[in-house]
Chemist: 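What follows is a single structure, and I will ask about it in a moment.
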Amino acid sequence: MTLSEEVKKKITDHYGTEVIVEDWGYIVDYLSKSFQWSGSKIQWSTVSGHEFRKLDGRYGDWLMQINAFISGGAASDAINTSGLFYYVNDSSLDFAVLMETSHFYSFLDYVINSIPQHHYFTDEKKRWCLVISSEGYIDFGYSNKNL
């Protein structure tokens, strides 16, 4: 079983099959149009309300720092006022996830502890993006583009 298959099974067992987005290219395309990119990374200097933090320690130790970053800044308001959020992984998964924001923190806990890649969270309209990179950074900001 591949990592993608294993993760998909765990997500569907816990959250249901309806959260899996198999045909997810449109999400990435729209996210790419919503933000300016430099290579494969969002150009954060062009984003409104950019907040970031360097995460300390090992990957497995980041969850507490990530939760503190989110709860202490604009990301919390963005997440809490969005009805749904998308999750897209950098490269190890061949699907995306769409679920209610009431599941955000439990899902965040799962992906941080199970999938060591870049993690992208955004709302349905791609107005904001929260990125947790495997290099040890967390970034959040609002798109300046009106799509």
Chemist: Taking all non-hydrogen atoms of both residues into account, name the closest pair between C129 and Y120 and its distance.
Modeler: SG-CD2, 4.2 Å
Chemist: Mind listing the closest non-hydrogen atom pair of E22 and W24 along with its distance?
Modeler: O-CD1, 3.0 Å
Chemist: Please answer whether the main-chain N or O of F107 pairs with a side-chain N or O of Y15 as donor and acceptor at a distance below 3.5 Å.
Modeler: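 Yes; judged by distance alone, with no hydrogens or angles, the pair exists.
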Chemist: Once rounded to the nearest 0.5 Å, what's the spacing between atom CD1 of I20 and atom CD1 of I11?
Modeler: 5.0 Å
Chemist: Between F35 and Y26, is there shared hydrophobic-cluster membership here, with clusters defined by ILVMFWY side-chain heavy atoms closer than 4.5 Å?
Modeler: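 Same cluster: F35 reaches Y26 through Ile, Leu, Val, Met, Phe, Trp or Tyr contacts under 4.5 Å.
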Chemist: So I79 and I70, do their side chains get closer than 4.5 Å, heavy atoms only?
Modeler: yes
Chemist: So does W128 get a backbone contact from the side chain of T122, meaning a donor-acceptor N/O pair under 3.5 Å?
Modeler: yes
Chemist: So do the side chains of L130 and F104 get within less than 4.5 Å of each other, counting heavy atoms only?
Modeler: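 Counting from C-beta outward, L130 and F104 do come under 4.5 Å.
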Chemist: Can you find a heavy atom in the side chain of I42 that is under 4.5 Å from one in the side chain of V131?
Modeler: yes
Chemist: Test your reading of the model: is there a side-chain donor-acceptor pair from S34 to the backbone of S143, 3.5 Å cut-off?
Modeler: no
Chemist: Working to the nearest 0.5 Å, report the span between CD of Q65 and NZ of K54.
Modeler: 9.0 Å
Chemist: Do the charged groups of K10 and E6 touch, with an N to O distance under 4.0 Å?
Modeler: yes
Chemist: Considering only heavy atoms from C-beta outward, does the side chain of N67 approach that of L108 to under 4.5 Å?
Modeler: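 Touching, per the 4.5 Å side-chain cut-off.
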Chemist: To check you understand the geometry: which heavy-atom pair defines the closest contact between V88 and I27, and what is its length?
Modeler: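 Heavy atoms of V88 and I27 come nearest at CG2-CG2, 3.8 Å.
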Chemist: Just by distance, do the side chain of N144 and the backbone of T46 share a donor-acceptor pair under 3.5 Å?
Modeler: yes
Chemist: Should we count CG of D13 as having more than 12 external heavy atoms under 6.0 Å?
Modeler: yes
Chemist: Assess whether side-chain hydrogen bond (donor to acceptor under 3.5 Å, both in side chains) is satisfied between S76 and N80, documenting all intermediate values.
Modeler: CA-CA 6 Å; S76 178; N80 291 329; 3.2 Å; yes
Chemist: Under a 4.0 Å N-O cut-off, is there an ion pair linking K33 with D29?
Modeler: no
Chemist: Sub-3.5 Å donor-acceptor pair from the side chain of W37 to the main-chain atoms of S32, do we have one?
Modeler: yes
Chemist: How many angstroms lie between NE2 in H103 and CG in L84, if you round to the nearest 0.5 Å?
Modeler: 10.0 Å
Chemist: When hydrophobic residues are tied together by side-chain contacts of less than 4.5 Å, even through go-betweens, does Y137 share a cluster with Y142?
Modeler: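 No: no chain of side-chain contacts under 4.5 Å links Y137 to Y142.
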Chemist: So, do M99 and Y87 sit near enough that their side-chain heavy atoms are less than 4.5 Å apart?
Modeler: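 No, their side chains stay 4.5 Å or more apart.
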Chemist: Nearest 0.5 Å, what's the CH2-CZ distance between W62 and F69?
Modeler: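 W62 atom CH2 to F69 atom CZ measures 13.5 Å (nearest 0.5 Å).
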Chemist: Is the backbone N or O of K9 less than 3.5 Å from a side-chain atom of T12, with the two atoms forming a donor-acceptor pair by type?
Modeler: yes
Chemist: Indicate if L63 and F52 have the same hydrophobic cluster label, given that clusters are the connected sets of ILVMFWY residues with side-chain heavy-atom separations under 4.5 angstrom.
Modeler: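 Shared cluster, no.
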Chemist: Could you grab the distance from atom NE2 of H118 to atom OG of S133, nearest 0.5 Å is fine?
Modeler: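 Result: 6.0 Å between the selected atoms.
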Chemist: Is a side-chain donor or acceptor of E51 paired with a backbone partner of G73 at a separation under 3.5 angstrom?
Modeler: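 It does not hold such a pair.
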Chemist: Which atoms form the tightest heavy-atom contact between Y30 and K125, and what is the distance?
Modeler: CE2-O, 3.6 Å
Chemist: I'd like to know if the side chain of T2 and the backbone of E5 have a donor-acceptor N/O pair within less than 3.5 Å.
Modeler: yes
Chemist: If I take atom CG from residue L55 and atom CE from residue M64, how far apart are they, to the nearest 0.5 angstrom?
Modeler: 11.5 Å
Chemist: Over all heavy atoms of both residues, which pair between S92 and S4 is shortest? Give the atoms and the distance, please.
Modeler: O-CB, 3.7 Å
